[in-house]
Every structure is written in structure tokens, then in C-alpha cells.
Amino acid sequence: MDEITVTFPDNSKQKYPSGVTPLEIAESIGPRLAKDVVVARVNGELTDLTNLIQSDAELILYTGDSEEGHEVLLHSTAHLMAQAVKELFSEAKVAIGPAIEKRFYYDFDVDKPFTDDDLKKIEDKMRELSKADLSVKQRILTKVEAIDIFSKLKEVYKIEIIEEIEPDELITAYEQGDFIDLCRGPHVSSTSKIKYFKLLNSSGAYWRGDERNKMLQRIYGTAFSSKKALNEYLTFLEEAKKRDHRKLGKELEIFMFDDEVGPGLPLWLPKGGVIIEELEKLAKETEDRAGYLRVRTPHLSKGILYEKSGHLKHYKESMYPAMDVDGIDYYIKPMNCPHHHKIYASSPRSYRDLPLRLAEYGSCYRYEKSGQLFGLMRVRSMQMNDAHIYCTPGQFKEEFLAVCKMYLYYFDIFGIEKYQMRYSLHDPAGLGGKYVNEPDLWIKTEQDARKALDEWGINYVEKPDEAAFYGPKIDVQVWSAIGKEFTLATNQVDFAIPGRFGLTYIDEKGNEAAPLCIHRAPLSTHERFIGFLIEHYGGDFPLWLAPIQGIVLPISEKSIEYARQVYRRMLDAGFRVTLDDRSDKISAKIRKAELKKINVMLIVGEKEVQEEKVSVRRRFVGDLGKSSLAEVIEDLSREIEEKR
RNA sequence: GCCUACGUAGCUCAGUCGGUAGAGCACGUCCUUGGUAAGGACGGGGUCACCGGUUCAAGUCCGGUCGUAGGCUCCA
């Protein structure tokens with residue numbers, strides 16, 4: 001028999017007979033590895049453990065705790081779940097079942113939605129199938145064979161998928177016991193490799209994500225290579241729920257919703273008001289330094305304005321319906337741009353006036369579909385950190401980059417590290433419909449913006465067909481505590497609307513020219529940004545943002561008078577402090593303050609009265625001992641100043 | 001908008017088989033004056049989301065509406 005040389009990642013080499021499988025190699029190395037390995041990479045290609053290796057090869061064996069191995073494990077668990085569902089619900093038809101971030105799902109067409117009870121039964125059946133140690137075998141099929149097999153099984157969704165595959169492409173399916181599933185693979189070699197899994201929840205999901213299609217039933221689950229890793233993930237999910245801004249926002253009295261006010265219309269409580277004011281202060285300082293001018297515009301406008309802007313054509317479904325005022329249609333504004341365009345147009349502009357940067361923390365209202373509402377992150381009334389920058393084509397690159405840099409300035413202050421920059425482009429197929437019909441402008445602006453980004457050297461991903469209707473944009477995506485994705489900051493180029501509003505400037509040569517417009521919102525909206533910050537900080541705001549920065553706690557009645565003086569002096573020094581002069585024991589007062597996540601506690605008893613000092617206790621740190629109030633004020637002021 | 005689940009005191013939740021509602025925390029009063037995460041006693045607080053139906057009787061069963069949650073699609 002021929003011998004082949006297998007090279008391992010550490011560059012060590014070993015001879016094996018030709019036709020050896022990765023699984024056999026793992027067995028030759030050790031029983032533990034053979035048990036744990038889930039997938040192999042042969043000459044760079046991810047492959048099943050049972051595939052034969054015919055000639056010299058580089059081999060990497062992945063266990064379930066590697067990124068590659070975990071993804072395969074998740075995917076194979078999805079198959080195991082589908083097998084269990086098919087055994088329990090014979091009429092169920094399978095659709096698709098991929099691995100996603102730390103989880104998997106599978107969509108089924110069933111008569112009745114799954115109940116929690118069904119999920120338990122499915123999970124039990126999965127354990128049974130795992131114990132049965134069914135080997136998972138790949139089958140290579142032609143298109144005709146594949147259609148034949150899945151037609152007999154009446155798997156209509158699989159047939160739909162197969163029919164879209166090129167006729168000469170090889171089709172693979174995986175078989176375990178009586179269950180066969182169309183799949184590209186790779187997969188684990190046996191169901192016994194899948195041991196630590198949990199089904200999480202089920203929900204409706206449209207076939208191919210299109211609401212015109214039938215609604216299928218989706219089950220989400222997760223799987224790991226060890227009991228410990230599974231439990232860690234489940235604990236993480238529990239912890240994430242505790243950080244959820246909807247829960248913390250209520251507990252910390254930041255915002256609320258009320259049935260009679262309406263869904264998606266948050267009411268900011270006083271503590272939320274403080275956070276908003278601090279953010280606005282930061283934004284105003286930053287924008288003042290960057291040459292922005294602040295304007296204010298009404299919440300309502302005549303329909304004709306939105307006809308001109310194109311909102312009624314491209315954005316109407318997200319707008320509140322018109323209200324009739326003296327026989328004229330008025331709309332509540334979904335964006336501030338048309339008003340800012342009017343301000344631009346209010347006086348003749350020279351190239352010397354540009355860039356003109358008009359900023360407004362403007363309230364907008366958007367009719368989001370009810371199912372889309374999500375705490376503060378997706379609401380119907382919002383206040384945007386909005387501004388429109390009107391500039392010449394020659395100024396565009398610098399202005400565009402200045403906006404991107406402003407994002408990063410803010411992100412540094414807030415310690416936001418996990419985000420993705422996303423450059424959204426148009427699809428020419430949508431011109432005249434989803435996008436304004438300006439093909440040349442689209443191409444030119446997209447090139448300019450890309451050039452700016454590339455020269456700056458920032459990392460971004462391109463998203464085709466995700467642009468705004470008036471131009472390409474760069475967004476910053478972040479993730480909520482429970483893993484939902486949101487656009488935070490946004491920077492949008494608009495080459496179309498200024499033309500529609502007849503916005504012009506006189507250039508150096510005395511000719512009329514059209515300015516470009518950049519729509520930007522580095523701090524997103526108050527609603528989304530604060531929702532995000534609540535989760536980002538887990539409710540423990542840095543001192544400069546904290547609604548209550550400190551609390552004065554007298555130890556007994558004997559020190560109440562002194563506590564009042566301390567409280568007064570803190571207020572006079574500009575701090576947001578409260579005083580707990582109730583008759584609780586000091587430990588109870590501390591506990592209450594901790595539960596409110598108050599950062600600084602100034603504890604005063606008879607000793608402090610005598611020494612004219614305060615005892616400082618910081619959250620997460622504990623007792624820091626006695627200081628003079630002047631020292632405390634100085635330290636805290638510096639901390640606030642530095643936005644630590 | 002669609003599918004499913006849920007909605008009881010300010011908050012978190014219990015309430016069995018249909019028989020007119022309960023706990024803890026919070027709140028109020030009083031006692032207690034205690035040194036770094038819960039001192040004690042007493043008390044107030046409910047149109048059981050809303051509307052309708054079944055029933056002698058509905059928090060409980062049925063229907064509708066509103067809201068919330070988990071998803072699908074879309075956006076700041």
C-alpha cells in the first residue's frame with residue numbers, strides 16, 4: 001500500500017497509508033483526541049473526519065472548542081434537532097438550519113407552532129439519538145438523484161433549494177440513521193459527538209425572510225463541546241438579561257413607557273433627563289469646536305416639503321399619516337434634513353460660506369411597525385444628534401472624514417470598543433425606486449467616499465444595496481446586551497436632495513453650483529444611544545454621566561446636622577448629590593445606595609464631625625478612609641472633568 | 001405588520017378544581033441612634049390591562065382590543 005506524509009500544524013510529519021481518514025489519524029495520536037475531534041482541515045479545506053486522504057497533505061484537527069469545530073458542532077446539532085423533529089412530527093418539513101453566532105436554528109413547516117413542552121420532547125429525543133451513536137455519512141448526489149430523494153420525502157423546501165443549484169455542481173447530503181438532509185457540510189462523524197446542547201426558544205420566521213412567504217416555525221438552540229462551556233454560555237445569557245436596558249432603565253428610573261401615551265413613545269424620567277443633558281453638553285462642546293451652528297426647527301410641516309424632499313415617495317411607510325390642518329396635509333417630521341435645507345436656502349451662499357454645518361438635537365417621529373419596537377433602541381419618537389454639512393465637492397473628503405473621526409472621539413470617551421464600520425452602497429437595480437435616479441452621482445459619490453475611507457485606513461465592510469435613498473452612508477454597528485444589532489452612529493452622503501431643493505452656491509469663478517450634503521448623527525438618537533449606554537455600562541455610569549453622583553449618609557442623628565452641611569456644600573460645588581437622613585442603620589443605607597448603583601458615598605459620623613472630614617466609600621472599591629471635603633470635591637471634579 | 005407566549009399592588013412574583021385577592025421589597029407612622037450591603041412593630045395601597053360573553057358565581061373559561069416579550073423583515 002502507498003504511504004503518504006501528513007504534516008501537522010507544528011510542522012511535524014507522520015507517515016500513514018494512503019486512504020487514511022482524519023479520524024483514524026486522530027485515533028493514532030490518542031483516544032482523547034479521537035473522542036474530541038469534530039472536523040479536519042486537509043490542505044486548507046474544511047472536511048469531514050471520514051473523508052479519505054489519498055496523497056501527502058497538511059492536516060489540522062479541530063476539536064469542538066475551536067472556532068471551526070464549534071461551528072460544525074452547532075451545525076450538526078441543528079441536523080440532530082431536525083432528525084428529532086422529523087421523528088416526533090412526521091408531517092414536518094425541514095427548511096434551513098444553519099449555525100449562527102454561538103447558536104443554531106432550524107426552520108420547520110409544521111401545522112401547529114411548537115410549545116415549550118414540544119421543545120422538551122425534542123431535546124429528549126435528541127439525547128436519545130445522540131446516545132444511539134449514529135454515524136453521520138456524507139452522500140454525493142447528482143442533481144437528478146437529489147431531486148428524486150427529496151421528492152420522495154416530500155421535502156418541498158429542499159427541492160426548491162436544489163433547483164437553484166447549477167446542474168453540473170455536485171450536491172451533498174448527510175445521512176444519520178433514517179434521516180437524510182441536504183447539506184454542504186462538513187459534519188461531525190457521529191451523533192455521539194453531540195452531547196452538550198440546549199434548545200433555547202422557538203418563534204415564527206418567514207421562509208427566506210420574506211413576509212410574502214409562508215411563516216415557518218424556527219427553533220433556536222445552542223451546543224458546546226463541554227458541559228462547562230455550555231453552562232458558561234447559559235450563565236452569560238442570564239447575565240446579559242440583567243444588563244438589558246429595558247430592565248435597568250426601569251430599575252434605575254431612567255425612562256418608562258405608558259399604555260396611554262403609546263408604544264415606542266418613551267417618557268424620560270428625571271434621571272434620564274440628566275443623562276440627556278450631559279450628552280447634549282458633550283455634543284454641543286464638540287460641535288462648537290468643529291464649527292457647527294445650532295438651529296431649531298418645527299416638528300410639523302406641510303406635505304409639499306416632503307414631496308420635494310422625496311420622503312413621501314421613498315419613506316412614506318415610515319411616516320405618521322398626514323393630519324388635515326385648514327384643508328392642507330401636514331406631516332410630523334421623520335427627519336430634520338428638509339428643514340435644514342430650507343435654512344440653507346434662506347440666503348444666497350458663496351463658496352466662502354461653506355462648509356455650512358447646521359446642527360440640531362431635533363425631535364423626529366417615525367411610524368415603526370409595532371413588531372419592530374424594542375425598548376429605547378427602536379422607538380417612534382426620537383431626538384437625533386443631527387447635523388447637515390453643506391460643502392463643495394472639493395471639501396467633501398475632509399468633511400466626511402472629520403465626521404468619522406468625531407465618531408471615534410466619542411467612542412473613546414465612552415470606551416466603546418466593539419463595533420463595526422459599515423459602508424452601504426446602492427444597487428443599480430433600485431434606481432428610480434428604492435434609490436433616487438441619479439446613476440452617475442451614485443457612482444461618483446461612492447467612489448469619493450470609498451477613497452476617503454481608504455486613505456484614512458479605517459477598517460470597514462461594504463454592504464451592497466443598503467444605502468439611504470439619497471446616497472451612500474457609513475454606519476457604525478453595535479450589539480445590545482442580548483446580541484441584537486443596531487446602527488449607532490451614521491454618516492450619510494446626499495447628492496440628490498440639495499438639487500431638489502435648488503440649493504446652490506456661487507463658486508470661485510462666479511458660477512452657480514450644487515453643494516453636497518452630509519447627514520450625520522455620531523451620537524445616534526438620545527433614545528438609542530442611552531439605551532446602548534445603559535447596557536454598555538451595566539447601569540454603572542461614569543461619574544460625569546451618573547444621574548446621582550453621590551449620596552451623603554449620616555451614621556446617626558448625632559451627625560445629621562453635619563451631614564446637611566456636607567450635602568449643601570456638595571450641591572454648591574455643582575455635584576448631583578442626595579442625602580439619606582432616615583433613621584436606618586448605616587449598613588442599610590449603604591445597601592440602598594449600592595442597589596441604586598450610586599458611585600460615591602460620603603459617610604459622616606461623630607468622628608468625621610470632630611475632624612471636619614468625610615469618609616468616602618466608592619462603589620466596587622469600598623471604604624477609602626477619611627478625607628477633607630475640599631479634597632473630595634477636587635478629586636471628584638477632576639474625575640468628572642476627565643470623563644473617566 | 002405576521003407567528004407564538006405573556007399581562008395580578010410602585011417593583012418582583014404567588015394565587016390549585018371557577019366561590020369577590022396574597023407575599024417580599026418599596027411607601028407611611030412609631031420605636032430604635034446603630035461605623036461600611038437588610039434593626040423592629042404597626043399601617044396604607046388592587047376596576048386582577050381594557051371591552052364583551054358563558055355561568056348562580058370569572059383573576060381563573062371563551063372572544064375581541066390594547067400593551068409587552070421572543071423571532072421574521074426594516075431602520076437612528
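All chains are named by letter (A, B, ...) in the order of the sequence lines, taking the proteins before the strands, and each is independently numbered beginning at 1.
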Once you round it to whole Å, what is the distance between [atom2] of [N] and [atom1] of [X]?
X	N	atom1	atom2	result
Gln372(A)	G1(B)	CD	P	10 Å
Ile100(A)	G71(B)	CD1	C1'	11 Å
Met335(A)	C74(B)	CE	C1'	13 Å
Gln492(A)	C75(B)	CD	C1'	10 Å
Ile530(A)	A76(B)	CD1	P	19 Å
Glu317(A)	U73(B)	CD	C1'	11 Å
Phe529(A)	C75(B)	CZ	C1'	18 Å
Met377(A)	C74(B)	CE	C1'	16 Å

Does the gap between the ring centers of [X] and [Y] come in under 6.0 Å?
X	Y	value
Tyr419(A)	Phe411(A)	yes
Tyr409(A)	Tyr407(A)	no
Phe486(A)	Trp479(A)	no

Can you list everything that forms a salt bridge (charged side-chain N to carboxylate O under 4.0 Å, His left out) with Arg246(A)? Sequence neighbours excluded, please.
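Salt bridge (charged side-chain N to carboxylate O under 4.0 Å, His left out) list for Arg246(A), sorted by chain: Asp244(A).
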
State whether a side-chain donor-acceptor pair under 3.5 Å links Ser615(A) with Glu608(A).
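Result is yes, a qualifying pair exists.
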
Sugar-phosphate or base contact per nucleotide [nucleotides 60-70 of chain B; S, B, -; heavy atom under 4.0 Å]:
-------SSSB

Could you run down nucleotides 40-46 of chain B 5' to 3' and tag each one B, S or - for protein heavy-atom contact under 4.0 Å?
-------

Could you tell me which residues satisfy side chain to side chain donor-acceptor pair (under 3.5 Å) with Tyr470(A), sequence neighbours excluded, listed by chain and number?
Gln492(A)

List for me each residue that meets ring-ring contact (aromatic ring centres under 6.0 Å, His included) alongside Tyr206(A), sequence neighbours excluded, and say none if there are none.
none

I need the full list of side chain to side chain donor-acceptor pair (under 3.5 Å) pairs touching residues 361-372 of chain A, with sequence neighbours left out, sorted by first then second residue.
Tyr315(A)-Arg366(A)

Which pairs, with at least one residue in residues 256-267 of chain A and sequence neighbours excluded, count as a side chain to side chain donor-acceptor pair (under 3.5 Å)?
none

Which nucleotide in the list [options] gets nearest to the side chain of [X]?
X	options	answer
Ile603(A)	G39(B), G35(B), C75(B)	G35(B)
Tyr367(A)	A76(B), G1(B), A37(B)	G1(B)
Ser556(A)	U36(B), C72(B), U33(B)	U33(B)
Ile555(A)	A76(B), C72(B), G35(B)	G35(B)
Lys558(A)	G35(B), U33(B), G39(B)	U33(B)
Lys585(A)	G34(B), U36(B), G1(B)	G34(B)

5'-most contact on RNA chain B: Leu595(A) or Glu527(A), nearest heavy atom basis?
Leu595(A)

Tyr306(A) side chain to Lys316(A) backbone, donor-acceptor under 3.5 Å:
no

N/O donor-acceptor pair under 3.5 Å between Ser480(A) side chain and Lys484(A) backbone:
yes

Can you tell me how the ring of Tyr390(A) sits relative to the ring of His388(A), calling it parallel under 30°, perpendicular over 60° and tilted otherwise?
tilted

Please work out whether the ring planes of His536(A) and Phe532(A) are parallel, tilted or perpendicular, with thresholds of 30° and 60°.
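Parallel.
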
Using atom types as modelled, flag every donor-acceptor pair under 3.5 Å from a side chain in residues 233-241 of chain A to any protein atom, sequence neighbours excluded.
| residue | atom | partner | partner atom | Å |
| --- | --- | --- | --- | --- |
| Thr235(A) | OG1 | Asn231(A) | O | 2.7 |
| Glu239(A) | OE2 | Lys242(A) | NZ | 3.0 |

Strictly below 4.0 Å: does Lys369(A) bring a side-chain N or O up to OP1 or OP2 of C75(B)?
no

Closer than 4.0 Å, any side-chain N/O of Gln217(A) to the OP1 or OP2 of C72(B)?
no

Could you go through nucleotides 23-30 of chain B and list every protein N or O atom that sits under 3.5 Å from one of its N or O atoms, giving the distance for each pair?
| residue | atom | partner | partner atom | Å |
| --- | --- | --- | --- | --- |
| G28(B) | OP2 | Arg582(A) | NH1 | 3.1 |

Dot-bracket encoding per residue of RNA chain B, Watson-Crick/G-U cut-off under 3.5 Å, | denoting interstrand:
(((((((..((((.....[..)))).(((((.......))))).....(((((..]....))))))))))))....

Would you list the atom pairs, donor with acceptor, under 3.5 Å between side chains in residues 422-431 of chain A and any protein atom, with sequence neighbours excluded?
| residue | atom | partner | partner atom | Å |
| --- | --- | --- | --- | --- |
| Arg422(A) | NE | Gln420(A) | OE1 | 3.2 |
| Arg422(A) | NH1 | Glu485(A) | OE2 | 2.7 |
| Arg422(A) | NH2 | Gln420(A) | OE1 | 2.5 |
| Arg422(A) | NH2 | Glu485(A) | OE2 | 3.3 |
| Tyr423(A) | OH | Glu446(A) | O | 2.7 |
| His426(A) | ND1 | Glu446(A) | OE1 | 3.3 |
| His426(A) | ND1 | Glu446(A) | OE2 | 2.7 |
| Asp427(A) | OD1 | Ala429(A) | N | 2.9 |

Are any of the side-chain heavy atoms of Ile122(A) and Leu88(A) separated by less than 4.5 Å?
yes

Does any donor-acceptor pair link the side chain of Ser524(A) with the base of A76(B) at a separation under 3.5 Å?
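Answer no: no donor N or O sits under 3.5 Å from an acceptor.
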
Base of A76(B), side chain of Glu368(A) - is there a donor-acceptor contact under 3.5 Å?
yes

Listed pairs, N/O of protein and of nucleotides 9-13 of chain B, under 3.5 Å:
| residue | atom | partner | partner atom | Å |
| --- | --- | --- | --- | --- |
| U12(B) | OP1 | Lys250(A) | NZ | 3.4 |

Distance-minimising heavy-atom pair for Glu527(A) and Pro266(A):
CG-CG, 4.0 Å

